[in-house]
There are 2 protein chains.
Amino acid sequence: MNWKEQFPQFEPGLIELIEKEAVQRSFNAGDIIMRTGQYIKSTVLVLEGRIKIYRENQDGGEFLMYYLQPGQACAVSMICAIQSGTSEIMAMAEDDSEVLMIPVHLMDDMMNQYKSWYQFVIQTYRGRFDELLSVVDNIAFRNMDERLEFYIKRYVEKAGKKNLEISHQQIADDLNSSREVISRLLKKMEQRGLVKLHRNMIELISS
Amino acid sequence: MNWKEQFPQFEPGLIELIEKEAVQRSFNAGDIIMRTGQYIKSTVLVLEGRIKIYRENQDGGEFLMYYLQPGQACAVSMICAIQSGTSEIMAMAEDDSEVLMIPVHLMDDMMNQYKSWYQFVIQTYRGRFDELLSVVDNIAFRNMDERLEFYIKRYVEKAGKKNLEISHQQIADDLNSSREVISRLLKKMEQRGLVKLHRNMIELISS
DNA sequence: TTCGTCCGGTGATTTGGGTCACAGCCCAGG
DNA sequence: CCTGGGCTGTGACCCAAATCACCGGACGAA
């Protein structure tokens with residue numbers, strides 16, 4: 001695929017450089033792209049699909065932070081890249097995905113030479129930071145029912161489909177909750193006429 | 001005070017520029033430095049004191065994210081500054097504090113011209129991002145007792161004193177909990193010999 | 001077709017923590 | 001010296017959510 005469509009704002013010189021130096025990789029849905037503690041060697045740009053960025057703790061709990069979509073980049077990989085550090089998060093392909101991996105050592109030069117890259121990096125930081133803020137808001141101030149609604153809203157936004165093809169268990173994992181709780185809350189939402197429940201699928205009622 | 005001591009890594013040219021263009025301001029403990037929704041006109045560097053960065057929600061709840069200390073900068077103000085956006089957080093002086101405010105319009109040039117500034121900004125992003133990550137970890141995975149211990153640990157680290165001069169109510173506010181809960185958990189910690197409780201003061205037992 | 005496994009539904013019970021009520025305290029200001 | 005307001009301690013109660021137990025239904029592999 002032609003990756004340039006996803007990044008129309010990049011300058012010709014920058015595009016050339018990326019074309020020459022970056023590596024394109026494919027991942028299948030469910031593949032782990034980056035794991036906690038792993039050393040970062042590249043900055044990741046998303047071309048296609050959907051990447052889930054989440055945290056994992058020692059006793060198996062996990063917690064979804066946000067999704068990355070085509071045209072976006074992983075802020076963590078940028079930060080770590082520039083400082084040659086290790087990642088503190090997990091990244092997993094939620095759908096089959098294509099990404100562009102730009103070697104760490106190019107970052108400094110790109111920042112200096114290409115205004116459009118600099119802007120892109122700043123914008124990425126801001127975007128992810130804001131998303132983290134709303135994550136904090138949610139867990140700090142909201143109850144599970146509101147968090148679930150937020151989750152569903154975000155899911156349809158990001159996946160671009162009207163239905164969630166996902167099991168209750170997976171939602172529970174993403175919210176670091178348990179299946180029974182999610183099932184019961186979904187049932188209540190169904191009673192309120194917000195969704196219709198099927199096996200492995202939640203249909204959103206547009207109203 | 002001589003602010004340059006806090007930022008020994010800055011280049012001479014950068015120091016000169018800041019000296020010429022930045023404004024130094026004092027705040028008393030309790031003063032609000034920045035509030036949610038406010039338009040950002042300057043990047044904030046901390047010279048002295050301690051700044052508390054927290055989130056506030058509509059129904060009066062608040063939630064401490066992290067502290068800024070001398071030598072650190074507010075990542076939010078940088079991000080917003082570069083993009084001329086509004087702040088999504090609150091900043092309050094926890095102690096009497098001195099800060100340096102660098103006008104937004106200088107940011108781009110400083111990033112391009114001064115390597116040390118560029119490094120500083122990157123480092124700031126990384127630091128705050130990491131802190132936000134550990135905040136998320138705490139509320140997502142930990143119970144109140146562990147969160148309280150983390151709070152105390154961080155407090156003594158940041159304040160540089162062995163004792164917390166703070167009421168239970170203030171702790172409860174910072175953790176978005178309630179006084180009774182904090183009092184009870186502190187009492188348990190006292191029984192475990194971790195702290196000694198006084199009025200408006202918690203003494204840490206070093207062991 | 002049948003069996004095993006994943007999925008969802010539902011009740012019972014437990015628990016962490018928020019809320020209410022109230023009492024005793026220390027301390028500052030009159 | 002007294003008094004009123006902020007701080008802390010504690011019991012009673014409640015609620016959201018986690019956990020446990022169990023069921024039946026759907027679906028895929030043999």
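The chains referred to below are lettered A, B, ... by the order of the sequence lines, with proteins before strands, and numbering in each begins at 1.
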Original post:
Between atom CG in B:Leu164 and atom P in D:dT8, what is the gap in whole Å?
Top reply: 12 Å
Original post:
Quick one: how far along DNA chain C does chain A reach, first to last nucleotide 5' to 3', anything under 4.0 Å to a heavy atom?
Top reply: C:dC6 to C:dA12
Original post:
What integer distance in Å separates A:Arg147:CZ from D:dA17:C1'?
Top reply: 11 Å
**OP:** Let me know the distance between NZ of A:Lys188 and P of D:dA17, rounded to the nearest Å.
**Re:** 8 Å
Can you give the donor-acceptor pairs under 3.5 Å from side chains of residues 149-159 of chain A to other protein atoms, not counting sequence neighbours?
from     : atom 1 : to       : atom 2 : distance (Å)
A:Glu149 : OE2    : A:Arg192 : NH2    : 2.8
A:Tyr151 : OH     : A:Asp174 : OD2    : 2.6
A:Arg154 : NH1    : A:Met65  : O      : 2.8

Return the polar atom pairs (N/O with N/O) between nucleotides 9-13 of chain D and the protein under 3.5 Å, or none.
from   : atom 1 : to       : atom 2 : distance (Å)
D:dG9  : OP1    : B:Lys187 : NZ     : 3.3
D:dG9  : N7     : B:Arg179 : NH1    : 3.1
D:dG9  : O6     : B:Arg179 : NH2    : 3.0
D:dG11 : N7     : B:Arg184 : NH1    : 3.2
D:dA12 : N6     : B:Arg184 : NH2    : 3.3

**OP:** May I have the distance from A:Asn176 (atom CG) to D:dA17 (atom P), rounded to whole angstrom?
**Re:** 13 Å
Identify each donor-acceptor pair in which a side-chain atom of residues 131-144 of chain B lies under 3.5 Å from a protein atom, sequence neighbours left out, and give them as a table.
from     : atom 1 : to       : atom 2 : distance (Å)
B:Glu131 : OE1    : B:Arg128 : NH1    : 2.3
B:Ser134 : OG     : B:Glu131 : O      : 3.1
B:Asp137 : OD1    : A:Arg55  : NH1    : 2.9
B:Asp137 : OD2    : A:Arg55  : NH1    : 3.1
B:Asn138 : ND2    : B:Ser134 : O      : 2.8

Original post:
Which residues pass the salt bridge (charged side-chain N to carboxylate O under 4.0 Å, His left out) test with A:Glu16, sequence neighbours left out?
Top reply: none
Original post:
Could you state the interatomic distance from OG1 (B:Thr43) to CG (B:Leu45), rounded to the nearest 0.5 Å?
Top reply: 7.5 Å
**OP:** Rounded to 10°, tell me the angle between the two end axes of the helix from C:dT1-D:dA30 to C:dG30-D:dC1, each built from five pairs.
**Re:** 30°
**OP:** Would you kindly give the CG-to-P distance between A:Asp59 and D:dA18, to the nearest whole Å?
**Re:** 15 Å
Original post:
Between residues 134-144 of chain A and DNA chain D, which residues have a heavy-atom gap below 4.0 Å?
Top reply: A:Asn143, A:Met144
**OP:** With side-chain hydrogen bond (donor to acceptor under 3.5 Å, both in side chains) as the test, would you mind laying out the steps for B:Ser26 and B:Glu98 before giving the verdict?
**Re:** CA-CA 5 Å; B:Ser26 303; B:Glu98 294 284 320; 2.5 Å; yes
Subject >> Minimum-distance pair of heavy atoms, taken over all atoms of A:Leu100 and A:Ala22 >> reply: CG-CB, 4.0 Å
Subject >> ring-ring contact (aromatic ring centres under 6.0 Å, His included) involving B:Phe120 - partner list, sequence neighbours excluded >> reply: B:Phe7, B:Phe10, B:Trp117
Subject >> Aromatic ring proximity B:Tyr125/A:Tyr125, centre distance under 6.0 Å >> reply: yes
Subject >> Whole-Å distance separating the CD atom of A:Gln169 from the P atom of D:dT19 >> reply: 11 Å
**OP:** Mind checking side chain to side chain contact (heavy atoms under 4.5 Å, CB included) for B:Lys196 and listing every partner two or more places apart, or none if nothing turns up?
**Re:** B:Glu190, B:His198, B:Glu203, B:Ile205
**OP:** Could you tell me whether B:Ser178 contacts a base, only the sugar-phosphate backbone, or nothing, with contacts defined as non-hydrogen atoms closer than 4.0 Å?
**Re:** base
Original post:
Would you say the side-chain atoms of B:Ser116 and B:Gln9 include a donor-acceptor pair closer than 3.5 Å?
Top reply: no
Original post:
What's the spacing between B:Ile102 CD1 and B:Leu17 CG if we round to 0.5 Å?
Top reply: 8.0 Å
Subject >> Pairing residues for A:Lys20 by the salt bridge (charged side-chain N to carboxylate O under 4.0 Å, His left out) criterion, not counting sequence neighbours >> reply: none
Let me check something: any side-chain donor-acceptor pairs from residues 89-96 of chain A under 3.5 Å, sequence neighbours excluded? List them with distances.
from    : atom 1 : to      : atom 2 : distance (Å)
A:Asp95 : OD1    : A:Arg50 : NH2    : 3.1
A:Asp95 : OD2    : A:Arg50 : NE     : 3.2
A:Asp96 : OD1    : A:Ala29 : N      : 2.7

Subject >> Length of the CG-C1' vector between A:Leu185 and D:dC15, whole Å >> reply: 14 Å
Subject >> Test salt bridge (charged side-chain N to carboxylate O under 4.0 Å, His left out) applied to B:Glu19 - qualifying residues, sequence neighbours left out >> reply: B:Lys4
Original post:
Between B:Asp173 (CG) and D:dT8 (P), how many Å, whole number?
Top reply: 12 Å
